[in-house]
Amino acid sequence: MLKISNISLQSGLYIVSTPIGNLKDITVRALSILKNCDLIGCEDTRVTKKLLSSYEIKSKKLISIHEHSKEQKLIFLIEKIKEGKSIALVSDAGTPIISDPGLKLIILAINNGINITPIPGPSAVTASLVGSGLSSDKFFFIGFLPNKKNKRINALNEYKKVNSLLIFYESAKRIKETLIDMFSIFGNRRCVIARELTKYYETFYRGDLNKFKNIKNNLKGEITIIIEPPKNEKNKEKSDIDDEIKKIISFIEKKLSTKDLSKLLSIIYKKPKKFFYTKLIKTIR
Ligand code: SAM
């Protein structure tokens, strides 16, 4: 096994990424920080103990930190750093803060002039992105959607027009409902479901939302969903105009002839009357 030496760490807060499944996915620097720091702030102490013991890092003081941790607990950690101690912040898996707790502690540390050092490493966002095979020029990380259906639909509507890949974290229990909602809001976009990355059952499911909306609710494990951006600008503009036309029509239906309506739309959208007339005749009237 790799020997991690004893070193003296500068006091401060170290934000340490840990594996997202496979315990071997940890950097030498992360192990060195975990071995040599004075204290570790973590989520579930049992999860962190398991990681430490697999690298023979013994007798570490662990303090659990979660979203609702009392301010006093955070202040206690800040005071320790001010006394010259080094504290590592980890989460149960991956990179702390990425859909995980710890931000309050970091803000408090910054406000107290404390040195912050990120120790980069695994995250389900980057692992799923690079394995997806989708163009990763631009991506928009969303994390978890709200659990309640109406809030989830509202959130998806907000992201509908974002012109980059969308990356969501989702629980296996909700995957079916979420994919159905995604199909109803985004239409039939390409989608990649990354399951159990870095673990024994690692699987990438690739296809269109249309196919996945029929998925059985029996996927197990950790899941990340990646959705392709809306089609090119031309198609996007066309479907935006279609939506707008439908709205206007439902408003003034029967009050205007198709010809007059085409004229009106051509003024609003600065496009030829014929464009709208054909569309109205074909699809709506
Ligand atoms: N901080 C972590 C990170 O950097 O990826 C994420 C923590 S968040 C509480 C946990 C969610 O991340 C899971 O519900 C799942 O959506 C995603 N996730 C974590 N591990 C994963 C894995 N091995 N494969 C696929 N998705 C994973």
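The figures here come from the full heavy-atom set of this structure, side chains too, leaving out hydrogens, waters and symmetry mates.
The main-chain N or O of Ile78 is never found under 3.5 Å from a side-chain atom of Lys85 such that the two would form a donor-acceptor pair. For the pair Lys73 (side chain) and Ile65 (backbone), a donor-acceptor distance under 3.5 Å is absent. Formation of a donor-acceptor pair under 3.5 Å by the Asp208 side chain with backbone atoms of Asn188 is not found in this model. Asn36 contributes a side-chain N or O that, together with a main-chain N or O of Ser5, makes up a donor-acceptor pair within less than 3.5 Å. Using modelled atom types, one side-chain atom of Ser128 and one backbone atom of Val125 make a donor-acceptor pair closer than 3.5 Å. For Thr95 (side chain) and Ile98 (main-chain N/O), no donor-acceptor pair under 3.5 Å exists by modelled atom type. Between the side chain of Glu43 and the main chain of Asp92, a donor-acceptor pair closer than 3.5 Å is present. Not a single donor-acceptor pair under 3.5 Å links the side chain of Ser53 to the backbone N or O of Glu56. Side chain of Arg189 to main chain of Glu228: a donor-acceptor pair is present (N/O by atom type, distance under 3.5 Å, no hydrogens or angles).
Asp38 CG to Ile87 CD1: the interatomic distance, rounded to the nearest 0.5 Å, is 7.5 Å.
Leu129 and Leu134 fall within the same hydrophobic cluster, defined by Ile, Leu, Val, Met, Phe, Trp and Tyr side-chain heavy atoms under 4.5 Å apart, directly or through other members.
Glu67 and Lys104 are not joined by a salt bridge, as no carboxylate oxygen comes within less than 4.0 angstrom of a charged side-chain nitrogen.
Contact of the Pro122 side chain with the Thr198 side chain is not registered, since no non-hydrogen atoms from C-beta on lie closer than 4.5 Å.
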#### Entry: Working for side chain to side chain donor-acceptor pair (under 3.5 Å), residues Tyr201 and Arg195
CA-CA 8 Å; Tyr201 288 106; Arg195 182 173 81 98; over 6 Å; no
### salt bridge (charged side-chain N to carboxylate O under 4.0 Å, His left out) assessment of Lys80 paired with Glu83
CA-CA 5 Å; Lys80 286 281 165 209; Glu83 286 166 17; 3.7 Å; yes
### Message
Test side chain to side chain contact (heavy atoms under 4.5 Å, CB included) on Phe186 and Ile227; report intermediate values, then the result.
### Response
CA-CA 9 Å; Phe186 296 152; Ile227 305 287; 3.9 Å; yes
#### Entry: Test log, rule side chain to side chain contact (heavy atoms under 4.5 Å, CB included), inputs Ile106 and Leu108
CA-CA 5 Å; Ile106 294 174; Leu108 206 57; over 6 Å; no
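The side-chain tip of Lys271 does not point at the ring of Tyr269 from less than 6.0 angstrom away and within 45° of straight on.
Ring to ring, Phe140 and Tyr159 are close: their centroids are under 6.0 angstrom apart.
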